[in-house]
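What follows is a single structure, written as C-alpha cells, with notes after it.
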Amino acid sequence: MTQLKLSNIDKSYGNGVCVLKDINLDINSGELLVFVGPSGCGKSTLLRMIAGLETITAGELQINGQSMNDMPPSKRGIAMVFQSYALYPHLTVRENMAFALKIAKQSPAQIDAAVDNAAKKLQLEDYLDRLPKALSGGQRQRVAIGRAIVRDPQVFLFDEPLSNLDAALRVATRIEIARLKESMPDRTMIYVTHDQVEAMTLATRIVVLADKGIAQVGTPLELYNTPANEFVAQFIGSPAMNLMPGKIVATGEQTTVHLDAGGVAISNISTIDADAGKVVNVGVRPEDLMLASGEFMLEAKVDITEALGEYTLLYLQQTDGAENFIAKLSGTHKELRDQTIQLMANPGKVHLFHEGLGMH
Amino acid sequence: MDNIAGSKSSLRWAVHLSVAFLVVLWLIPTVGLLVSSFRTTDQISTGGWWRALMTAEHNLILRTAPPSTQTQINGKYVVTGSLAKSGTDLDIRVWGVSSRAIDDYTPGATAKLSKGGEITVSKDGHYRMEHTLPFTGKRGTRIFLSSALPPEFTLDNYHKVLFDPKNVEGMGQAFLTTMIVTIPATIIPILIAAFAAYALAWMQFPGRALLVAFIVGLLVVPLQLALIPLLKLHLNIGIGKGFIGVWLAHTAFGMPLAIYLLRNYMVGLPKDIIENARIDGATDFQIFMKLIVPLSFPALAAFSIFQFLWTWNDLLVAKVFLIDSSGQTVVMTAKLVEMLGTRGGNWEILATSAFVSIVVPLLVFFSLQKYLVRGLLAGSVK
Ligand SMILES: Nc1ncnc2c1ncn2[C@@H]1O[C@H](COP(=O)(O)OP(=O)(O)OP(=O)(O)O)[C@@H](O)[C@H]1O
Ligand SMILES: [Mg+2]
C-alpha cells in the first residue's frame, strides 16, 4: 500500500539554485527505503522536505493520501534522527525521550511507559538519568533513535545516522537498526546514507539520486544486476564498474562487441538487427573479470596490486594509457605486477550501455 | 624549536606579569577604600590606610576639669579627673603644660603649673592638680600630650551612612533608590531582548536581515543624542520624571547591545536541535522557553552583568529622567557627587559611601564572571 507519494516535486533555494527537479516516488508502508547519491545531490534536502523542515517549491507530497505540503512537521506522523544526534544538551536521556510526549500533553504514566519501553529496546535503561555529554557516540545515537521510537511515528526519517560512529560501532548499530525495523514491520523508514554496505544490507529498495533527479529505484540486487544507466552502474558496487567503449558487431540472443582497445566482449543481452553498428560502452564489474587464455576482452598492464588476502585488486593500465581499469581476483596474485595480462568475463555478467542508458 | 619554546615561555611571563600588574592596580584603590571605610576620623587624619594596622601617635590638647570642681583636702585645693573623653582611652607617651614643650614630662611625672600649683598625669590620662591657694578662672588648665592611637576598626561609619534613623547622609535611601532603578532596568531589557533575539535568529520573516543591520547600526548611536527628545516625549505622554521614565530609558539604551549579543549567541546554537524540537511538536514559544533560554544562559548572564553594572553606575540617565527637586529619588551616584561638596572633609563617610556603592557590583561580578567570559566569547571560538 502506498503510504508516501511524491509527485513532481521540485526544490530550489531562494537564490534560484535548483537542487531537485521532478521527483516522483511512491513509498509503500513497511518499506525501508534508502537514498544514496553523491555528496550534494540533494538527499538531505529531499528528506527534509518529507519532514517538513524545508518548503516544497513545486509538486505535491502526500502521506496516507493527504497532502502534506503545508502541514507542520509535527503533524506529519514522522520522526527524524539527525546525523549530529541533535540531543537536547541540558536535558537528561529520559527528558530527551519524553520531550515530544510532554509537548503533546500525555499523562506522566503514559510517558514513563513509552520511555521505559524504548529504553529497554535500545539497552538505554542504565543511562536514563545522564546528560547527553556523559554518553559515548553510540549511546547518543541510540538515544536519538529512542527519541524517535517513543513518539511511535508512521514514518522514521534517518539522515546519515551512523556516519559519526567508528567502523565497528557502525556495523553493530546497523544491525540494531535492521532488528528494530523487523520489530516494527508496519513502520516505514527512509534512510539517507553514503555507505554502500548500509544501503545494500538495510534497504528494501534503494533510490539513487543524481543530477537533480532520480537515477534509478529498485531493490539492492536489481540495482547491482541491472543498472539502468552508467551512473548507477558505477555508483553501486565498489570498486566501481569498468566501462569500455566499443561497437556492436553481432546481434541476436547474444551480442558481440568489438572493443576499441582490441578485445572482444560477448554479452547475454539480446539485441535486434537495428542495433548492429551502435557505439556502446561495455560494463564489467571488477569482481566479474577473470584471467583469460585465448579469447580475451581486455589486455592491460598491471600497474599496482593490492593483496587483501581474500582477494587481490589489480589496477590496470592499457597500453595506450587512455583508460584505467580495476580487476578483483580471488586469492593472492602479487606476482602479476608489471605483467601484461588478458582478462575476460562471463557473458551473463557483461552489461551494455548505449548513450549512457543500460540495454536490457 | 628552542626559539619557539623560549619565546612562548617569555610570552607567558609577560602575560603573567601584566595580569599581576593589573590586579595590583585594581586592588590598591579598592582595598584602600574598604580599609578607610572602617577607620575613624582620628585615624584617617593620622595616616594613610596602609598604616591602619600600626599604632599611630597623635597630639592632643585637652583640658582638666574647671576650677569650679575643686575640693579641699588636707588644706590643699585639689582637682582630679581624667583627660580622656568618656568612652575613649588614652595611652600617653609624653605630655607637657606648654604648647612649646609638649614632650617635657613622661606619664606619672609632676609638672609645675605657670599659674602656681602642680599637676600629675598618669599614663591613662587620670590627673591630680594641687595648690595651696584656690584655683581661679572659668576653664580648666590645658594639657598638651602625645598619645598612642592603637589600630581600631569600627562599623560606625556604615551604621551612620546606611542605618541612621534620621538618615542624615541619605545613603540608605539612595541605596534603595538605586536598587529600584537597577533591578527592573536589568530585567525588562533582557526579557524583551531575548524574545527579539530569538526571532531574529531563528524565525523566518521578510526584512529580518535589514532589521539586524539596523540594530547593529543603533549600537554606535551615542545616547546623549536621544536624551532631550526622549525626555520631551516622556513629559508629553505624561510619564514625566520618575522610575517608569528611567526604566524605559535604560531599557531603550540597553536594547541594541542586548539584542546583538543574544542574537549572536542564539544563532550559534545547533540548528538540528531546534529542528528536532519542531518535529517533536514544540511551538516557537515552547522552543524559546524550553531550549533557547536554558541553552543561552551564559549569554543572558553576560548581558545582565553588563546592564546591571552600567545602570548601577549611571549618573547621566538618572539625572535626566529620574532626579527631580523633591530629593526623594536620588540615586547613589548622584548622592556621592552631592557629598563630595557637603562632606568633602569627612573622608570616612565618603569612603564608606563609595564602598557601599561598589560592593553590589563587585558581588555580582565575582559571582557571575564565568558566564561573562563564556557569554562574550560565544561565537568567536568554537
Ligand atoms: N540553504 C541553502 N541554500 C542554497 N543551497 C542549499 C541550501 N542548503 C543546501 N543547498 C544546496 O543543495 C544541495 C543539496 O544539499 P543536500 O544537503 O541535500 O545534499 P546531500 O545530498 O545531503 O549531501 P551530503 O551527502 O553531503 O549530505 C547542495 O548542493 C547544497 O549546496
Ligand atoms: Mg546530507
Side-chain angles (χ1 to χ4, degrees), chain A residues 13-14 44 47-55 71-92 95-106 111 131-133 140 143-153 155-161 164, chain B residues 190 194 197-213 262 264-302 304 368 370-371 374-375 377-379 381-382:
Chain A
Y13 282 106
S44 301
L47 197 72
R48 290 163 55 80
M49 282 198 285
I50 295 172
L53 296 172
E54 220 52 89
T55 53
M71 194 70 81
S74 55
K75 302 250 166 66
R76 296 187 179 199
I78 50 114
M80 185 152 167
V81 176
F82 291 82
Q83 175 179 2
S84 63
Y85 318 133
L87 300 180
Y88 309 128
H90 60 302
L91 301 180
T92 62
E95 288 166 336
N96 259 287
M97 297 211 274
F99 188 86
L101 305 184
K102 272 193 193 142
I103 297 264
K105 302 231 159 49
Q106 293 203 5
I111 294 177
L131 286 177
K133 66 176 174 215
R140 284 180 208 181
V143 175
I145 295 172
R147 202 166 54 171
I149 294 178
V150 161
R151 297 182 51 213
D152 195 22
V155 182
F156 287 83
L157 306 176
F158 295 91
D159 193 355
E160 305 196 27
N164 282 355
Chain B
I190 213 164
Y198 173 70
L200 291 174
W202 288 107
M203 285 165 76
Q204 304 286 343
F205 56 88
R208 190 174 78 166
L210 270 183
L211 207 54
V212 173
L262 294 180
N264 275 5
Y265 192 88
M266 289 176 188
V267 158
L269 295 175
K271 181 169 166 225
D272 290 356
I273 291 182
I274 289 153
E275 287 181 339
N276 196 72
R278 288 234 164 90
I279 295 179
D280 277 352
T283 60
D284 272 315
F285 186 71
Q286 284 169 321
I287 292 175
F288 178 77
M289 293 309 287
K290 288 176 190 251
L291 298 180
I292 301 287
V293 169
L295 293 177
S296 304
F297 189 73
L300 292 170
S304 322
L368 295 178
K370 92 173 174 208
Y371 298 110
R374 261 207 274 160
L377 288 185
V381 279
K382 285 273 168 195

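So that the names make sense, note that chain A is the first sequence line, chain B the second, and so on, each numbered from 1.
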Under 3.5 Å: donor-acceptor pair, side chain of A/R147, backbone of B/N276: no

Sub-4.5 Å side-chain heavy-atom contact between B/F297 and A/H90: no

Toward chain B, the part of A/I78 with a non-hydrogen atom under 4.5 Å: both

Value rounded to 0.5 Å, distance of CD1 in B/I279 from CZ in A/R48: 8.5 Å

Option that, when pairs with chain B are counted at under 4.5 Å, heavy atom only, ranks first among A/A148, A/P153, A/A86: A/A86

Spacing of CD1 belonging to B/I274 relative to CG belonging to A/L53, to within rounding of 0.5 Å: 12.0 Å

A/A144 versus chain B, the contacting section by heavy-atom distance below 4.5 Å: neither

Per-residue contact mode, B/K271 against chain A (heavy atom under 4.5 angstrom): side chain

B/Q286 side, atom CD; A/K102 side, atom NZ - distance, nearest 0.5 Å: 12.0 Å

Contacting moiety of B/E275, where chain A heavy atoms sit under 4.5 Å: both

Close side-chain approach of A/P89 and B/I273, heavy atoms under 4.5 Å: yes

Neighbour count above 12 (heavy atom, 6.0 Å) for B/F205 CZ: yes

Exercise: identify the closest heavy-atom pair between A/F99 and B/A277: CE2-CB, 4.2 Å

Over all atoms of both residues, closest heavy-atom pair of A/I103 and B/G281: CG2-O, 3.3 Å

